[in-house]
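Naming: A, B, ... by sequence-line order, numbering from 1 per chain. Bear in mind the structure is a predicted one, so any value in this text is a computation, not a measurement.
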Amino acid sequence: MLQINIIRDNPGYIIERLAIKNFKAESIVENILQLDKKRRELLKLLDAMLAESNRLAKEIGVLYQQGKADEAGKMKARTAELKEQSGLMSEELDQVQQQMQEELVLLPNLPAAIVPPGKHAEDNEIVNHGGKVPEVDWPLLPHWDLGSKYGILDFELGVKITGAGFPLYRGKGARLQRALINFFLDEAVKAGYTEYQPPYVVNEASAFATGQLPDKEGQMYFAPVDKLYLIPTAEVPITNIYRDVILKQTDFPLKNVAYSACFRREAGSYGKDVRGLNRLHQFDKVEIVQISHPDKSYQVLDEMVEYVITLLNKLELPFRVAKLCGGDMSFASALTYDMEVFAAGQQKWLEVSSISNFEAFQANRMKLRFKNEEGKTELAHTLNGSALALPRIVASLLENHQQPDGIRIPDALVPYTGFNFIN
RNA sequence: GGAGAGAUGGCCGAGUGGUCGAAGGCGCACGCCUGGAAAGUGUGUAUACUCCAAAAGGGUAUCAUGGGUUCGAAUCCCAUUCUCUCCGCCA
């Protein structure tokens, strides 16, 4: 959520910047400014009324103490009148404030200055790449074929037990999952992140704070009896640690990492993009979250991208890094880098991590602040990214490291798997 | 699930209708003291919105949350949520 004072001070700038995200903000900004003006007018009147009310109440108290009950009684008429008026006015104010809030949550975050203009993924800028795409003279299989060939992945069984998008991992396939989770967590801890084990279900307030509610409600699994949501990412519980918190400057940088299963309904997904492990309803992910001083957040973002690159290098996967264009960025992000790995069996690039700086956008919504040099409270910046999401990493690992007679495990992972070949 | 007790500032804790945004203590910040530190001592120390060109200063709201009674609520009433204790159940 954008801060109202920024909109008030420079509405033209907001409209201009949001155009980079192909978002037409004119009418919303106009509505917000009007509502804000109305709100402040009402607030001024209401406060004056309440102030008078408070003053009279005190005077009446003094009169009673002095035994002047009849004088006090006369003043009560005025307070009753004030009470009725202020009641009506505060209802009106609530309404205006709610309307303003509804408009405010419609505005996406402003893109950072270096975000390239553009409409689609094709307009993204590739800013880095590495690793080698395998060149072999035998046919490379997609991971779903490799999965059944070596008995490590079972999609049909998942359909029987739960439904599409809930595969089972078996034998070395299951052990590979466990190894990757531990590998990612250990690497993050070595890089200075604090490990957390969060709840997998969250309440409404948490889902709202990270922006899943109200508009992405349909994307989450929901347990109505207890009004709890299954998390779509560990970002939700981990970022919510800091909801309604005022940090000290010395708390920065806050670096957290968490493994969790992630649950996504993926309503509306279909077709070839959802084949195999490419898109699932339940998957494993290790997520990194940083809370940063506003002056440092872009430095932190670069650091996070560099960190994920080291992971991809250790897994010996061909990758590329894209700086997202305005049109491809998410609602809350100010700058996003997508990390993609090449899946040689499908001949496709798969997104395995999306690392974003949200600046103060999330922090504003969940009131995450810190005391700055002058002792004033100021919004902190939040950042997060996958490091990494397992299914597409597994897909790419299987497809790129396949041999005619099995699948090679990269050296960095062997201490975690306990084996170096799947056949 | 049943019965009972409770929820006050960063923390502990006082406060049962007015002078209470809230005693006292701890913590923290700054100063004094000291060669330096500790101890001691003094001062300060919630958040949001808003008025004012800004600073200074003022107003309003907030004692779990929402509603009610009252001229006036941290204090009384109702509902909700959460915590603790005991009983039951249980990996």
Side-chain angles (χ1 to χ4, degrees), chain A residues 1-10 32-105 197 199-209 213 223-229 237 240-252 254 291 360 362-380:
Chain A
M1 200 166 71
L2 292 174
Q3 296 161 76
I4 178 64
N5 54 344
I6 295 179
I7 300 173
R8 194 152 65 207
D9 292 348
N10 215 334
I32 290 171
L33 291 178
Q34 272 179 20
L35 288 164
D36 181 50
K37 196 171 161 222
K38 182 112 185 262
R39 170 185 144 259
R40 286 190 295 161
E41 279 164 5
L42 286 171
L43 195 61
K44 200 171 155 183
L45 288 170
L46 179 63
D47 280 0
M49 264 183 218
L50 292 173
E52 192 186 347
S53 225
N54 285 342
R55 210 192 64 236
L56 288 173
K58 273 183 193 162
E59 283 174 22
I60 291 170
V62 173
L63 288 174
Y64 271 121
Q65 271 168 7
Q66 294 170 346
K68 300 174 184 167
D70 43 330
E71 265 182 67
K74 281 181 216 156
M75 290 177 87
K76 281 189 192 176
R78 175 64 183 150
T79 27
E81 192 185 315
L82 277 171
K83 192 177 176 179
E84 204 193 325
Q85 283 178 358
S86 64
L88 289 172
M89 188 161 285
S90 103
E91 265 173 43
E92 195 183 347
L93 180 67
D94 283 349
Q95 232 175 45
V96 169
Q97 271 171 338
Q98 203 192 317
Q99 280 169 18
M100 194 172 100
Q101 177 74 11
E102 280 164 14
E103 295 282 328
L104 272 172
V105 298
Q197 251 194 53
Y200 290 3
V201 284
V202 295
N203 58 29
E204 216 170 309
S206 294
F208 181 81
L213 292 181
V225 189
D226 298 299
K227 289 193 187 145
L228 295 174
Y229 296 84
N240 266 286
I241 295 170
Y242 305 101
R243 166 153 53 87
D244 266 316
V245 164
I246 299 178
L247 298 164
K248 293 193 281 277
Q249 287 227 60
T250 48
D251 292 332
F252 294 128
L254 276 165
I291 313 292
Q362 276 186 335
N364 187 36
R365 187 182 262 239
M366 69 178 156
K367 300 195 176 63
L368 161 51
R369 292 156 296 175
F370 71 100
K371 285 244 187 264
N372 67 17
E373 288 85 347
E374 291 109 49
K376 296 231 169 110
T377 53
E378 189 181 332
L379 293 170

Whole-Å distance separating the [atom1] atom of [X] from the [atom2] atom of [N]:
| X | N | atom1 | atom2 | value |
| --- | --- | --- | --- | --- |
| A/E41 | B/C51 | CD | P | 10 Å |
| A/Q97 | B/C49 | CD | P | 11 Å |
| A/E378 | B/U47 | CD | P | 14 Å |
| A/L368 | B/A48 | CG | C1' | 16 Å |
| A/D47 | B/U60 | CG | P | 7 Å |
| A/N5 | B/A54 | CG | P | 13 Å |
| A/L50 | B/G58 | CG | P | 19 Å |
| A/L45 | B/G59 | CG | C1' | 13 Å |

Suppose you measure atom [atom1] in [N] against the same atom in [M]; what distance do you get, rounded to whole Å?
| N | M | atom1 | answer |
| --- | --- | --- | --- |
| B/A23 | B/U16 | P | 15 Å |
| B/U83 | B/C26 | C1' | 23 Å |
| B/U85 | B/G13 | P | 15 Å |
| B/G6 | B/C32 | C1' | 44 Å |
| B/A74 | B/G21 | C1' | 10 Å |
| B/U43 | B/C33 | C1' | 15 Å |
| B/G44 | B/G9 | C1' | 15 Å |
| B/G18 | B/A73 | P | 11 Å |

If you look at every strand shown and take non-hydrogen atoms under 4.0 Å, does [X] touch a base, only sugar-phosphate, or nothing?
| X | value |
| --- | --- |
| A/T377 | sugar-phosphate |
| A/L56 | nothing |
| A/L46 | nothing |
| A/K83 | base |
| A/R39 | sugar-phosphate |

Next on the checklist: Let's go through A/V202 and A/L228 carefully: what are the C-alpha distance in whole Å and the side-chain angles of both, what is the deciding distance for side-chain contact (heavy atoms from CB on, under 4.5 Å) to 0.1 Å, and is it a yes or a no?
Outcome noted: CA-CA 5 Å; A/V202 295; A/L228 295 174; over 6 Å; no
Any strand: nucleotide that pairs with [N] via Watson-Crick or wobble, under 3.5 Å:
| N | answer |
| --- | --- |
| B/G72 | none |
| B/U16 | none |
| B/A7 | B/U81 |
| B/G88 | none |
| B/A61 | B/U47 |
| B/A23 | none |
| B/G36 | none |
| B/C52 | none |

Return the minimal non-hydrogen interatomic distance between [X] and [Y], and the atom names on each side.
| X | Y | result |
| --- | --- | --- |
| A/A363 | A/L379 | O-CD2, 3.8 Å |
| A/L2 | A/N364 | O-ND2, 3.4 Å |
| A/A205 | A/N240 | O-OD1, 4.3 Å |
| A/F252 | A/A380 | CZ-CB, 4.0 Å |

Checklist entry - Do A/Q98 and A/E102 pass the side chain to side chain donor-acceptor pair (under 3.5 Å) test, and can you show the C-alpha distance, the side-chain angles, and the key distance before you say yes or no? => result CA-CA 6 Å; A/Q98 203 192 317; A/E102 280 164 14; 3.2 Å; yes
Between [X] and [N], does any side-chain N or O lie under 4.0 Å from OP1 or OP2?
| X | N | answer |
| --- | --- | --- |
| A/R369 | B/U47 | no |
| A/R40 | B/U60 | no |
| A/N54 | B/U60 | yes |
| A/R55 | B/G72 | no |

Checklist entry - Between A/S53 and A/A57, which has a closest nucleotide on RNA chain B that is more 5'? => result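 Closer to the 5' end of RNA chain B: A/A57.
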Checklist entry - 5'-most contact on RNA chain B: A/T79 or A/I4, nearest heavy atom basis? => result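 Closest to the 5' end, via its nearest nucleotide, is A/I4.
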Next on the checklist: Please evaluate residues A/R8 and A/N5 with respect to the criterion side chain to side chain donor-acceptor pair (under 3.5 Å), reporting the C-alpha separation (whole Å), side-chain torsions for both, the decisive distance (0.1 Å), and the verdict.
Outcome noted: CA-CA 5 Å; A/R8 194 152 65 207; A/N5 54 344; over 6 Å; no
Checklist entry - Out of B/U60, B/U50, B/A46, which has the shortest distance to the side chain of A/R8? => result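 Looking only at heavy atoms from C-beta outward on A/R8, the closest nucleotide is B/U50.
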Item to check | Closest listed nucleotide, where the reference is the side chain of A/L43 and the choices are B/C71, B/C49, B/G59 | outcome: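 Of B/C71, B/C49, B/G59, B/C49 is nearest to the side chain of A/L43.
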Item to check | A/K74 with A/E71: basic N within carboxylate O range, under 4.0 Å | outcome: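 Result for this pair is no, no salt bridge flagged.
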